[in-house]
Amino acid sequence: MTPTGPLSGIRVLDLTSVLFGPYAAQMLGDWGADVIKVEPPAGDTWRYTGVFRNRGMSGQFMAVNRNKRSLALDLKHPDGKAALAKLIPTVDALVTNVRPAAMARLGFGYAACAKLNPRLIYAAATGFGQDGPWAARPAFDEIIQAASGLASSIGSDEEPEFVPSLIGDKICAMAMVGAVSAALFRRERSGQGQMVEVPMLETIAGFNSIEMLGGHAFDPPIGPTGYKRMKNRRPVQTKDGWLTMLPYSGDNWCAFFEAVGRPELIEELGVRDPVLRSQNIDKVYDRMSEIGPTRTTAEWEELLLRLDVPHTAFARLTEIGEQPHLAAVALFADIDHPTEGRIRQARPATKFSESPAGIHRMAPRLGEHSREVLREAGLSDAEIQAAVDSKAVGVAS
């Protein structure tokens with residue numbers, strides 16, 4: 001299938017592994033870019049993480065490496081380096097989460113790549129900003145959750161907790177997609193390439209600070225950190241299941257308490273006034289917990305829909321494809337992979353009216369496209385075979 005997304009015609013070198021970089025590069029591919037995933041001969045370690053039918057093709061790997069071609073290169077081998085140097089002038093962007101010092105030692109730091117291709121957008125996914133004292137440190141999601149204050153806000157200063165998702169990697173991947181797209185847009189106007197850096201710690205600390213600085217958003221502080229409602233919100237147990245409901249405005253709250261026969265709570269909890277409501281939010285949720293078991297989930301949904309109160313029943317992860325809205329919009333698709341059989345993935349969620357994003361290529365086997373990509377870079381079949389024989393280039397068996 002020919003890519004139709006808004007980045008169709010853009011070519012990207014993806015020198016990333018695990019989650020942050022690969023997820024960003026996949027989104028660029030979903031949006032139409034031709035993404036070439038450059039992997040070491042052993043492959044991206046994410047290939048071997050999680051459940052798989054065939055070794056090296058885990059579900060987690062396939063979830064962030066579709067719409068890519070795989071080129072296996074040993075960048076410590078002279079022939080591998082030479083092949084990458086041939087590719088750099090042919091691409092619009094290079095995305096890497098190899099630490100900058102290591103990229104420079106390999107001979108592919110920003111300065112060296114910019115000499116090969118002055119129009120190149122060189123995007124570095126880093127753990128910590130390269131202008132800070134932690135520039136050389138390695139980083140993973142839990143390191144960033146801890147250092148950014150996110151784990152403290154999820155738990156507490158006394159007992160921090162991790163979000164049970166690799167949320168730091170995924171948020172930063174989205175930031176990377178925006179940054180690369182913006183840099184490409186500027187290049188179209190100026191003709192100049194540039195280096196883009198997306199540091200995880202700074203990105204997640206800023207993300208978390210929006211509501212979690214609380215009173216410390218002022219200097220000097222005028223109150224504690226945190227956002228009280230976040231600590232008190234919780235699922236509401238119904239007569240037969242679970243629901244979350246959020247009367248949001250004062251009118252919403254008044255209509256809700258009138259409808260459930262508890263009008264006295266309007267004054268008791270001060271729900272008309274957003275400041276009082278916020279101060280009493282723990283008591284509000286306590287009352288919601290008392291009221292919830294008086295109706296079934298379906299009865300609550302009928303009432304809340306009539307009152308125009310935001311709400312939803314909880315979706316089980318095992319049944320996420322059957323969640324009513326997601327099923328109606330066909331977010332999850334069952335796809336035939338040429339080697340891995342039937343797989344399930346979420347399609348690109350972003351919609352473009354004139355240049356639709358889509359899935360046009362399944363996640364590749366390691367080195368599946370090595371010969372194809374190197375031919376496009378101008379290497380002869382004899383040169384490619386010599387590089388394969390020297391183990392500088394890997395090809396799928």
Side-chain angles (χ1 to χ4, degrees), residues 20 126-129 131-135 137 139-176 178-179 197-236 243-257 262 264-292 309-312:
F20 173 4
T126 63
F128 308 95
D131 54 350
W134 288 17
R137 290 193 184 194
F140 295 93
D141 185 84
E142 55 263 50
I143 306 300
I144 300 304
Q145 287 199 36
S148 66
L150 181 62
S152 176
S153 63
I154 298 302
S156 66
D157 288 346
E158 292 72 33
E159 192 171 352
E161 295 180 21
F162 292 128
V163 178
S165 171
L166 298 174
I167 192 168
D169 286 271
K170 290 183 276 190
I171 289 167
C172 290
M174 294 177 184
M176 176 65 83
E197 182 190 354
V198 179
M200 290 184 74
L201 178 59
E202 289 90 322
T203 301
I204 298 303
F207 172 88
N208 191 51
S209 72
I210 293 169
E211 78 279 31
M212 288 303 172
L213 277 182
H216 284 241
F218 299 87
D219 187 18
I222 62 173
T225 58
Y227 181 19
K228 190 175 181 182
R229 190 172 76 82
M230 297 298 101
K231 289 295 186 185
N232 287 280
R233 64 180 183 170
R234 51 191 179 269
V236 174
L243 185 81
T244 183
M245 48 179 145
L246 183 60
Y248 203 73
S249 66
D251 288 345
N252 251 185
W253 280 108
C254 291
F256 173 77
F257 284 129
R262 299 293 302 272
E264 76 279 4
L265 295 177
I266 295 171
E267 298 302 327
E268 179 183 323
L269 300 174
V271 294
R272 285 193 179 92
D273 183 337
V275 175
L276 285 176
R277 190 168 68 241
S278 180
Q279 290 173 349
N280 292 328
I281 198 67
D282 50 344
K283 296 174 185 174
V284 170
Y285 278 105
D286 285 342
R287 295 294 178 273
M288 299 287 272
S289 295
E290 295 169 6
I291 294 168
V309 170
H311 69 281
T312 183

Heavy atoms only: give me the nearest [X]-[Y] pair and the separation to one decimal.
{"X": "Pro199", "Y": "Gly129", "result": "CB-N, 3.4 Å"}
{"X": "Gly270", "Y": "Leu276", "result": "O-CB, 3.6 Å"}
{"X": "Arg272", "Y": "Ile266", "result": "NH1-CG2, 3.3 Å"}
{"X": "Ile144", "Y": "Gly127", "result": "CD1-O, 3.7 Å"}
{"X": "Val198", "Y": "Ala175", "result": "CG1-CB, 4.1 Å"}
{"X": "Asn280", "Y": "Glu268", "result": "ND2-O, 4.4 Å"}

How long is the gap from [atom1] on [X] to [atom2] on [Y], to the nearest 0.5 Å?
{"X": "His311", "Y": "Phe256", "atom1": "NE2", "atom2": "CZ", "result": "11.5 Å"}
{"X": "Leu150", "Y": "Ser153", "atom1": "CG", "atom2": "OG", "result": "4.5 Å"}
{"X": "Asp273", "Y": "Gln279", "atom1": "CG", "atom2": "CD", "result": "8.0 Å"}
{"X": "Leu246", "Y": "Trp253", "atom1": "CG", "atom2": "CH2", "result": "6.5 Å"}
{"X": "Asn208", "Y": "Thr225", "atom1": "CG", "atom2": "OG1", "result": "10.0 Å"}
{"X": "Ile204", "Y": "Ser209", "atom1": "CD1", "atom2": "OG", "result": "11.0 Å"}

Step by step, work out the side-chain contact (heavy atoms from CB on, under 4.5 Å) result for Phe128 and Ile143. CA-CA 11 Å; Phe128 308 95; Ile143 306 300; 4.2 Å; yes
Sidechain-backbone polar pair: Ser278 side chain, Val275 backbone, donor-acceptor under 3.5 Å: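 Flag not set: sc Ser278 to bb Val275 has no pair under 3.5 Å.
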Is a donor on one side and an acceptor on the other found under 3.5 Å between the side chain of Arg277 and the backbone of Tyr248?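 Side chain of Arg277 to backbone of Tyr248, a donor-acceptor pair under 3.5 Å: yes, one is there.
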Is there a side-chain contact between Asp157 and Ser152 (heavy atoms, below 4.5 Å)? yes
Less than 4.5 Å apart, any side-chain heavy atom of Met288 and any of Pro247? yes
Distance-only criterion, 3.5 Å: show the donor-acceptor pairs between side-chain atoms of residues 161-170 and protein atoms not counting sequence neighbours.
from: Ser165; atom 1: OG; to: Lys170; atom 2: NZ; distance (Å): 2.9
from: Asp169; atom 1: OD1; to: Phe20; atom 2: N; distance (Å): 3.4

Sidechain N-carboxylate O distance under 4.0 Å for Asp282, Arg234: no
With a sphere of 6.0 Å drawn around CD of Glu264, does it hold more than 12 non-hydrogen atoms of other residues, nucleotides or ligands? yes
So does Phe207 have more than 12 non-hydrogen atoms from other groups sitting under 6.0 Å from CZ?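 Check fails, neighbour count at 12 or below.
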With side-chain hydrogen bond (donor to acceptor under 3.5 Å, both in side chains) as the rule and sequence neighbours excluded, what pairs involving residues 210-220 come up?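 Pairs touching residues 210-220 that pass the test: none.
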